[in-house]
There are 2 protein chains.
Amino acid sequence: MPAATLTPVFAALGDDTRWAILARLGEAPASASALAREFPISRQAIVKHLDLLSSAGLVESERVGRELVHRALGGRLSDVARELERIGRQWDSRLARIKRLAEEF
Amino acid sequence: MPAATLTPVFAALGDDTRWAILARLGEAPASASALAREFPISRQAIVKHLDLLSSAGLVESERVGRELVHRALGGRLSDVARELERIGRQWDSRLARIKRLAEEF
DNA sequence: CGGATATGCAACTCTGGCATTGCACATCGA
DNA sequence: TCGATGTGCAATGCCAGAGTTGCATATCCG
């Protein structure tokens with residue numbers, strides 16, 4: 001998973017309102033209009049957040065009659081998490097190696 | 001780990017330049033001036049990114065003579081990763097439970 | 001000492017993105 | 001059928017933050 005596909009996900013998660021919406025969808029799927037009733041912002045604002053979350057692969061949508069029901073994709077979040085874990089360990093091991101070399105001489 | 005401490009981290013990671021700087025520090029520690037020589041932006045821009053990364057707990061700094069050497073904290077990244085993994089699994093299990101209930105009736 | 005290099009602080013510009021409002025169109029239900 | 005509800009599209013307002021420049025201060029080294 002290249003960094004190019006990673007930063008958009010972080011950008012999507014890095015907004016309080018968007019995170020709140022995503023967490024809400026994690027509880028149960030919902031339409032944009034339903035979310036607009038629960039949050040103190042307009043439906044259009046909700047829609048834009050959903051678009052961003054969708055293009056980051058964090059939300060999937062399905063048409064049901066006149067409604068568009070959105071749901072949070074936990075699997076995607078877990079994928080990103082595993083990648084982060086890997087990178088974090090790499091940084092620390094590199095740092096340890098540098099420290100070891102520095103003390104050796 | 002509350003969501004309030006989670007979104008600032010994502011916000012910090014959600015900028016390409018900042019991510020590049022952090023990844024660079026993951027390779028080896030460096031000062032702001034050194035980074036400014038490697039990146040196509042001013043030292044002040046670098047400093048602001050470092051401040052943000054620092055307040056997100058992703059970077060730690062240490063004074064060495066007249067230099068301030070910054071290093072990436074992989075441990076912090078791993079912590080966030082584990083939290084994400086947990087949340088992602090929760091979402092999927094909740095969704096599975098809802099689906100099961102829906103099909104049962 | 002004095003030049004070179006590193007950091008710190010402040011003011012400023014400017015673009016991106018969060019949010020709003022208004023209207024048109026589709027679909028459901030009494 | 002008609003009112004209510006849900007989505008789609010477009011124009012606009014506004015502010016945070018990414019980046020710049022300029023200058024002052026501190027530290028290293030010849």
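A quick note: this is a predicted structure, and the numbers were derived from the prediction, not measured. Numbered from 1 within each chain, the chains take letters A, B, ... in sequence-line order.
Remark: His49(B) is in phosphate contact with dG19(D), judged by side-chain N or O atoms under 4.0 Å from OP1 or OP2. Distances shown here put every side-chain N or O of Arg18(B) at or beyond 4.0 Å from the OP1 or OP2 atom of dG19(D).
Residues Leu95(B) and Pro29(A) meet the side-chain proximity criterion, which asks for heavy atoms closer than 4.5 Å. A 4.5 Å side-chain heavy-atom check between Glu38(A) and Arg24(A) finds at least one atom pair inside the cut-off.
Look at CG on Leu52(A): it is 14 Å from C1' on dA19(C), rounded to the nearest Å. Rounded to a whole Å, the CD atom of Glu62(A) is 14 Å from the P atom of dT7(D). In this entry the distance linking CG of Leu50(A) with C1' of dT7(D) reads 12 Å, nearest Å. Taking atom CD on Glu67(B) and atom C1' on dT5(C), their separation rounds to 9 Å, with Å as the unit. Per the geometry, CD1 belonging to Ile21(A) stands 14 Å off C1' belonging to dG17(C), to the nearest Å. In this structure, CG of Asp16(B) is placed 15 Å from C1' of dG17(D), rounded to the nearest angstrom. Asp51(A) has its CG atom 12 Å from the P atom of dC18(C), to the nearest Å.
With hydrogens and angles left out, the side chain of Lys48(A) and the base of dG17(C) share no donor-acceptor pair within 3.5 Å.
Linking ILVMFWY residues whenever their side-chain heavy atoms come closer than 4.5 Å, directly or via other members, places Leu22(B) and Ile41(B) in the same cluster.
Note: Phe10(A) and Phe10(B) have parallel aromatic rings, judged against thresholds of 30 and 60 degrees for the angle between ring planes.
Between the side chain of Arg18(B) and the backbone N or O of Ala11(B) there is at least one donor-acceptor pair closer than 3.5 Å. A donor-acceptor pair under 3.5 Å links the side-chain atoms of Ser78(B) to the main chain of Gly74(B), judged by distance alone.
Glu67(B) and Arg63(B) are not joined by a salt bridge, as no carboxylate oxygen comes within less than 4.0 angstrom of a charged side-chain nitrogen. Under the 4.0 Å criterion applied to side-chain N and carboxylate O atoms, Arg86(B) and Glu83(B) are assigned as salt-bridge partners.
In this structure, of dA4(C), dT27(C), dT20(C), it is dA4(C) that holds the atom nearest to the side chain of Arg66(B).
When each of Thr17(A) and Val64(A) is assigned the nucleotide of DNA chain C with its nearest heavy atom, Thr17(A) is the one assigned upstream, toward the 5' end.
Relative to the axis of its first five pairs, the axis of the last five pairs of the helix from dC1(C)-dG30(D) to dA30(C)-dT1(D) sits at 30°, rounded to 10 degrees.
Smallest separation of non-hydrogen atoms from Ala12(B) and Ala56(B): CB-CB, 3.8 Å.
Near-neighbour residues of DNA chain C inside residues 30-44 of chain B, defined by a heavy atom below 4.0 Å, number-ordered: Ser31(B), Ala32(B), Ser33(B), Arg37(B), Arg43(B), Gln44(B).
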